[in-house]
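Here is the structure we will look at.
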Amino acid sequence: MCGIIGYIGNREAKPILLRGLESVLYRGYDSAGLSIRDEKNKTTHYYRSPGKLENLKKKLDPLSIGGTVGIAHTRWATHGIPSEENAHPHRDCHGKIHVVHNGVIENHAELKKQLIAEGHRFFGQTDTEIIPHLLEEEKKQNPTMNTRECLRRILSKMEGAFAIVVMDADGPDSLFLARKESPLLFSYNNEQNEFLISSDPGTFYLYPDIAQKVVAMPPETLVALGGGKIEITDFESKPQSPISVPMNETEEFAQKQGFPHFMAKEIFEQPKALRDTLSGRMISDIAGVKLGGLEQQKESILSKEKIFLIGCGTSFHASLVGKFLFEEFADMEAHAEIASLFRYRKLPLHPKRDLALFISQSGETADTLGCVTELKNKNILCLGLINRVGSTIARECGVGIYQRIGPEIGVASTKAFTAQIANLALLTLFFGQSKNMSLSDRTLFINTLNSLPDIIEKTINILDPQIKKLAEDYSKFTNFLFLGRKYNYPTAMEGALKLKEISYIHAEAYESGEMKHGPLAMITDQFPTFFLCPNDSVYAKNISNMQEIKARSGPVVAIATVGDTQVDTIADQVLYLPPIYEPLSPILYSIPLQLFAYYMAVLKGYNPDLPRNLAKSVTVQ
Ligand code: AGP
């Protein structure tokens with residue numbers, strides 16, 4: 001999940017590399033570093049810092065660093081603690097070869113042992129550090145071979161996932177890129193004398209003048225940039241074509257727009273995100289929906305009887321909502337699957353009958369991508385529900401729906417979740433039109449989706465101060481339970497995940513009927529419960545579960561429907577939401593939980609955008 005930046009051109013590399021790192025910071029931020037080649041003075045500047053990017057900037061600010069070629073990296077530790085020794089770039093014995101890497105070299109231990117036996121010295125504990133030494137050894141064995149060819153030869157020795165950028169003093173004004181699984185993109189200007197490299201499409205919005213052409217490296221390829229013609233080849237030197245990456249014109253690089261954190265901005269921009277994701281896609285309750293990305297495979301898609309919805313984390317929670325929607329309204333057998341589990345299951349899959357829908361905001365999640373590869377190899381039709389345009393999963397699926405909600409930078413997913421559910425509702429309508437979904441249901445779906453942005457706009461402004469106060473009242477508790485039934489069980493899971501991942505408070509979610517089968521034993525007056533209890537088909541059951549909690553003195557915060565006069569006789573606090581059509585209620589009911597988690601994190605002095613140990617896009621398995 002690390003972030004990689006590279007630059008070759010005629011400008012000072014330092015500011016471009018540092019600003020580039022900011023654009024990939026959400027992919028990992030426990031240490032950072034950069035190397036800049038100053039060919040004029042025949043020297044390579046090399047700086048690394050543990051902790052936040054600010055620490056590296058503080059080190060570099062007073063320095064005037066020449067040089068117009070460089071690489072930079074922000075790390076999410078996989079091997080070795082966050083420290084200066086483990087920060088990238090890593091170097092060979094002579095400090096001539098510098099490497100940044102994203103991914104995991106699975107056989108690094110045996111390669112390291114061999115290199116130590118050949119006299120190489122290591123200073124860190126990372127898997128990455130073997131790469132410059134492997135390249136150094138290859139060059140030593142083949143003194144007349146150029147860096148690119150030596151790099152090609154070591155790639156087959158490394159098992160696992162990687163995207164690497166190499167800077168070699170012997171290959172000045174060039175950078176060498178190689179990719180196996182982890183994403184790696186580059187752009188250049190029309191004159192092809194300035195290149196920008198990144199592990200993330202968002203970086204290229206920072207420098208449109210160097211992003212006149214943006215391409216992604218195909219899997220298992222390498223290229224030398226800066227030394228003239230761009231020639232991408234595979235690891236056997238066969239020429240390969242770059243994958244053109246459409247830059248979403250409307251996607252300016254995300255700014256906080258006056259909010260204290262990206263997460264706050266993204267919570268409050270959910271009405272806009274829903275309008276954007278729905279625009280032009282709902283024709284009418286009769287004519288149904290228009291999903292352009294599915295048109296080319298519409299017939300094949302609609303012929304399928306079974307659908308596997310696959311994702312991780314929040315995207316898995318959205319999958320669960322989708323499962324309920326497809327079962328109830330599209331007359332389809334639907335399975336919601338956790339990607340890291342699903343790819344190792346031995347399931348009888350049938351290309352004629354089965355369909356896979358991959359849900360991923362980043363489109364780079366390695367566990368999800370692993371499933372795509374697995375199912376494509378089994379000839380299963382794979383659709384993507386993705387936010388990042390041009391991302392790897394979007395490309396691998398080739399067919400699907402882009403969320404079109406703009407970049408989601410906060411590590412905790414918010415607008416992506418609600419937009420995912422809105423798109424799953426559109427997909428239900430898409431399937432429903434050929435599976436006899438009733439006109440009344442179709443009308444309810446479309447009217448609800450049309451009304452949701454305004455409802456959320458009003459509700460969020462009413463609830464915001466109430467939830468900020470609630471966070472203050474509940475900030476002393478160290479355990480929380482989130483309960484919901486049917487459509488709001490995934491909502492409860494999402495609420496628990498939000499609280500865990502940004503405030504680090506322990507939180508669990510349960511289908512509320514499950515409480516009496518064990519978890520109720522945990523309830524005391526020190527163990528509060530958030531109870532999602534809309535006035536819906538399971539309301540009565542929820543009320544009795546709520547009473548069971550109260551009977552054990554458990555504090556209850558209920559999220560209920562405006563006008564409900566019973567719930568406030570049971571719960572300690574009630575947050576009221578407008579009435580909402582049950583199958584789409586997770587879109588509305590997740591928002592108070594997002595806000596609660598956000599305020600709890602801020603109260604505890606944490607940065608909700610960059611929670612510890614996490615990254616926005618988990619590109620390691
Ligand atoms: C959600 O808040 C987390 N950031 C995480 O669970 C995330 O949803 C998960 O890693 C999947 O990411 P994706 O949607 O980009 O594939």
Side-chain angles (χ1 to χ4, degrees), residues 1 24-29 76 182-183 199-202 261-263 266-267 270 273 309-322 336-343 356-372 382 384-397 400-403 405-421 423-424 482 490-491 493-504 507 509 590-591 593-598 601 606-621:
M1 279 116 70
V24 294
L25 205 51
Y26 67 90
R27 297 174 74 97
Y29 33 84
W76 182 83
S182 308
S199 46
D200 187 290
H261 300 101
F262 278 113
M263 183 176 177
E266 289 153 9
I267 289 173
Q270 288 182 98
L309 298 100
I310 302 166
C312 302
T314 290
S315 295
F316 167 66
H317 300 156
S319 302
L320 268 173
V321 177
E337 302 288 352
I338 293 173
S340 57
L341 180 62
F342 183 75
R343 63 181 299 195
L357 173 68
F358 292 95
I359 302 179
S360 175
Q361 188 285 132
S362 63
E364 301 297 347
T365 300
D367 289 326
T368 310
L369 181 57
C371 279
V372 177
C382 296
L385 173 50
I386 310 292
N387 187 36
R388 297 299 293 207
V389 174
S391 58
T392 307
I393 295 174
R395 291 200 311 274
E396 289 300 308
C397 289
I401 304 170
Y402 275 128
Q403 290 192 265
I405 59 172
E408 183 179 71
I409 303 297
V411 166
S413 193
T414 49
K415 64 176 184 175
F417 177 68
T418 47
Q420 283 167 349
I421 294 171
N423 279 288
L424 288 164
F482 288 78
T491 319
M493 293 171 82
E494 181 57 13
L497 175 62
K498 289 291 98 57
L499 188 63
K500 279 184 278 202
E501 68 177 326
I502 61 172
S503 73
Y504 319 144
S590 56
I591 292 175
L593 305 182
Q594 296 166 354
L595 281 169
F596 180 74
Y598 171 75
Y606 301 135
N607 177 348
D609 288 341
L610 300 172
R612 70 186 182 201
N613 306 343
L614 299 181
K616 182 63 179 172
S617 176
V618 183
T619 55
V620 288
Q621 291 166 14

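Here, residue 1 is the first one in the sequence, and each next residue gets the next number. Numbering of ligands and ligand atoms starts at 1, following listing order.
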Identify the two heavy atoms, one from S391 and one from I386, that lie closest to each other, and give their separation to 0.1 Å. OG-CG2, 3.3 Å
Could you tell me whether T365 approaches ligand 1 through its side chain, its backbone, both or neither, with non-hydrogen atoms closer than 4.0 Å? side chain
Output the list of atoms in ligand 1 that are nearer than 4.0 Å to some heavy atom of V411, sorted by atom number. 2 (O), 3 (C), 4 (N)
Heavy atoms of R388 and E408 approach each other most closely as NH1-N, 4.5 Å
So among Q361, K498, E501, which one has a side chain to side chain donor-acceptor pair (under 3.5 Å) with T314? K498
Using heavy-atom distances only, which candidate in G313, A412, G363, A318 approaches atom 6 (O) of ligand 1 most closely? G313
Going by the closest heavy atom to atom 9 (C) of ligand 1, which one wins out of C312, P611, S413? C312
Which of the ligand 1 atoms, numbered from 1, are nearer than 4.0 Å to a heavy atom of K498: 1 (C), 2 (O)
For T392, which residues count as a side chain to side chain donor-acceptor pair (under 3.5 Å) partner, sequence neighbours excluded? E364
Please state which part of E501 comes within less than 4.0 Å of ligand 1, counting heavy atoms only: side chain, backbone, both or neither. side chain
Run the numbers for me: atoms of ligand 1, each under 4.0 Å from some heavy atom of T314, listed by number. 1 (C), 2 (O), 6 (O), 8 (O)
Contacts of Q270 that satisfy side chain to side chain donor-acceptor pair (under 3.5 Å) - sequence neighbours left out: T418, Q594
Non-hydrogen atoms of R388 versus ligand 1: any pair closer than 4.0 Å? no
Any donor-acceptor N or O pair under 3.5 Å, side chains S315, Q420: yes
Nearest-neighbour protein heavy atom for atom 10 (O) of ligand 1, which is reported as residue plus atom name and distance: V618 CG2, 3.8 Å
